[in-house]
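All residue numbers refer to positions in the sequence shown, counting from 1.
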Amino acid sequence: MIAFVSGPVAALAPTTAVVEVGGVGMAVQCTPNTIAGLRVGEHARLATSLVVREDSLTLYGFADDDERQVFELLQTASGVGPRLAQAMLGVHSPDALRLAVSTGDEKALTAVPGIGKKGAQKLLLELKDKLGAPLGSSGLVGQQRAATGPAPWTEQLSAALIGLGYASREAEEAVAAVTPQAEAAIASGGSAPVPQLLRAALQTLNRAR
């Protein structure tokens with residue numbers, strides 16, 4: 001198992017970071033929040049989890065070991081694969097997820113794209129004794145995030161665009177361009193799908209150039 005990768009960031013895409021390790025570029029699947037914290041050319045250390053399938057080997061990357069552990073525990077629930085587990089961590093911090101499960105907060109789970117009411121109820125039952133309680137002082141952060149909801153999608157999207165090398169002004173214009181799409185998703189009872197919005201924002205920026 002590859003526990004982590006460490007080295008300079010060679011390239012960034014909306015959901016992928018390429019980290020150079022010993023002269024080899026390792027493609028790592030990451031959430032927009034993790035991507036937002038990386039910069040091309042700068043050193044990075046990502047905790048990783050290797051998912052092996054018959055036709056593929058996919059490396060998922062995380063900001064720290066706690067995120068990776070929660071990612072792997074989430075997949076012990078039926079119906080949760082690596083993509084959904086990563087989507088859950090893209091919306092909530094590990095402690096926010098622990099708090100949601102320990103308090104039976106369906107709303108927090110349905111904020112994740114791809115999880116409906118019945119799915120949330122099932123996950124709460126299956127994960128109740130697996131994730132544990134929020135950890136120490138970070139538990140307070142989790143409670144605060146659960147109380148206020150995930151970080152505003154505009155902040156997540158802007159940070160991800162800046163992490164990809166765009167200027168703050170370009171990021172603001174791209175966020176404004178996809179705002180109607182986000183508001184439509186929210187109005188329909190869902191949440192702003194940051195990964196999809198990021199792709200749409202990048203298309204807008206490419207057309208502008």
Side-chain angles (χ1 to χ4, degrees), residues 1-75 80-94 97 112-114 150-151 153-175 177-178 181 192-209:
M1 176 181 176
I2 302 174
F4 70 89
V5 295
S6 179
V9 178
L12 291 171
T15 59
T16 307
V18 178
V19 179
E20 184 179 340
V21 181
V24 178
M26 304 288 284
V28 187
Q29 301 296 308
C30 304
T31 66
N33 285 341
T34 300
I35 292 289
L38 304 176
R39 298 290 184 275
V40 173
E42 294 185 4
H43 187 276
R45 182 186 187 281
L46 295 173
T48 57
S49 178
L50 180 64
V51 175
V52 180
R53 295 287 185 266
E54 289 184 2
D55 59 348
S56 66
L57 295 173
T58 306
L59 199 59
Y60 289 84
F62 310 92
D64 54 40
D65 292 335
D66 186 36
E67 276 195 0
R68 178 187 59 199
Q69 181 180 21
V70 171
F71 170 78
E72 293 173 348
L73 286 172
L74 289 172
Q75 293 177 72
V80 178
R83 290 184 181 277
L84 182 56
Q86 190 175 56
M88 293 171 75
L89 285 167
V91 174
H92 297 295
S93 70
L97 284 172
V112 179
W153 69 268
T154 52
E155 293 179 12
Q156 294 181 33
L157 185 56
S158 180
L161 290 168
I162 292 172
L164 288 169
Y166 291 95
S168 296
R169 183 175 179 180
E170 289 178 306
E172 290 175 4
E173 292 174 350
V175 169
V178 300
Q181 182 179 337
V194 175
Q196 291 93 321
L197 292 172
L198 181 55
R199 285 191 286 270
L202 288 171
Q203 290 176 353
T204 299
L205 288 167
N206 289 337
R207 286 197 295 269
R209 289 182 173 181

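Using a 4.5 Å cut-off on side-chain heavy atoms (C-beta onward), M26 and L59 make contact. Put simply, the side chain of P113 reaches to within 4.5 Å of the side chain of V91, judged on heavy atoms. With contacts defined as side-chain heavy-atom distances shorter than 4.5 Å, the pair L205/E170 qualifies.
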Worksheet item: What do the steps show when you test L97 against H92 for side chain to side chain contact (heavy atoms under 4.5 Å, CB included), and what is the final call?
Response: CA-CA 6 Å; L97 284 172; H92 297 295; 3.7 Å; yes
Discussion item. I'd like to know whether F62 forms a side chain to side chain contact (heavy atoms under 4.5 Å, CB included) with T48, so could you lay out the CA-CA distance, the side-chain angles of the two residues, the decisive distance to 0.1 Å, and finally the verdict.
Written reply: CA-CA 6 Å; F62 310 92; T48 57; 5.7 Å; no
Item to complete: Could you walk me through whether V52 and L50 pass the side chain to side chain contact (heavy atoms under 4.5 Å, CB included) test, one step at a time?
Response: CA-CA 6 Å; V52 180; L50 180 64; 4.2 Å; yes
Item to complete: Evaluate the side chain to side chain contact (heavy atoms under 4.5 Å, CB included) criterion for residues R53 and T58: first the C-alpha distance (whole Å), next the side-chain angles of each, then the deciding distance (0.1 Å), finally the verdict.
Response: CA-CA 8 Å; R53 295 287 185 266; T58 306; over 6 Å; no
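Checked against E67 for a side-chain contact (heavy atoms from CB on, under 4.5 Å), the options D65, V70, D64 give a single hit: D64.
Interatomic distance, CG of L12 versus OG1 of T34, reported as 11.0 Å (0.5 Å rounding). The CG atom of L89 sits 6.0 Å away from the CG atom of L74 when rounded to the nearest 0.5 Å. Note that the CG atom of L202 and the CG atom of L197 stand 11.0 Å from one another [nearest 0.5 Å]. If you take OG on S158 and CG on L198, they are separated by 11.0 Å, rounding to the nearest 0.5 Å. To the nearest 0.5 angstrom, T15 atom OG1 is 6.5 Å from R199 atom CZ. In this structure, L46 CG and Q29 CD are separated by 12.0 Å, a value rounded to the nearest 0.5 Å.
Between P14 and I35, the shortest heavy-atom distance links the atoms O-CG1, 3.8 Å. The shortest heavy-atom contact between P8 and G41 is CB-O, 4.4 Å. The shortest non-hydrogen separation linking A17 to L38 is CB-CD1, 3.7 Å. Pairing each heavy atom of V28 with each of Y60, the nearest pair is CG1-C, 3.6 Å. Contact between D66 and P94 at its shortest, heavy atoms only, is OD2-CB, 3.4 Å.
Judged by a 6.0 Å distance limit and a 45° cone about the ring axis, R45 is positioned over the six-membered ring of F4.
With R68 contributing its side chain and A3 its backbone, the two residues share a donor-acceptor pair below 3.5 Å. In this structure, R83 contributes its side chain and V80 its backbone to no donor-acceptor pair below 3.5 Å. Formation of a donor-acceptor pair under 3.5 Å by the Q75 side chain with backbone atoms of F71 is found in this model.
A donor and an acceptor atom, one from each side chain of Q86 and T31, are nowhere located under 3.5 Å apart.
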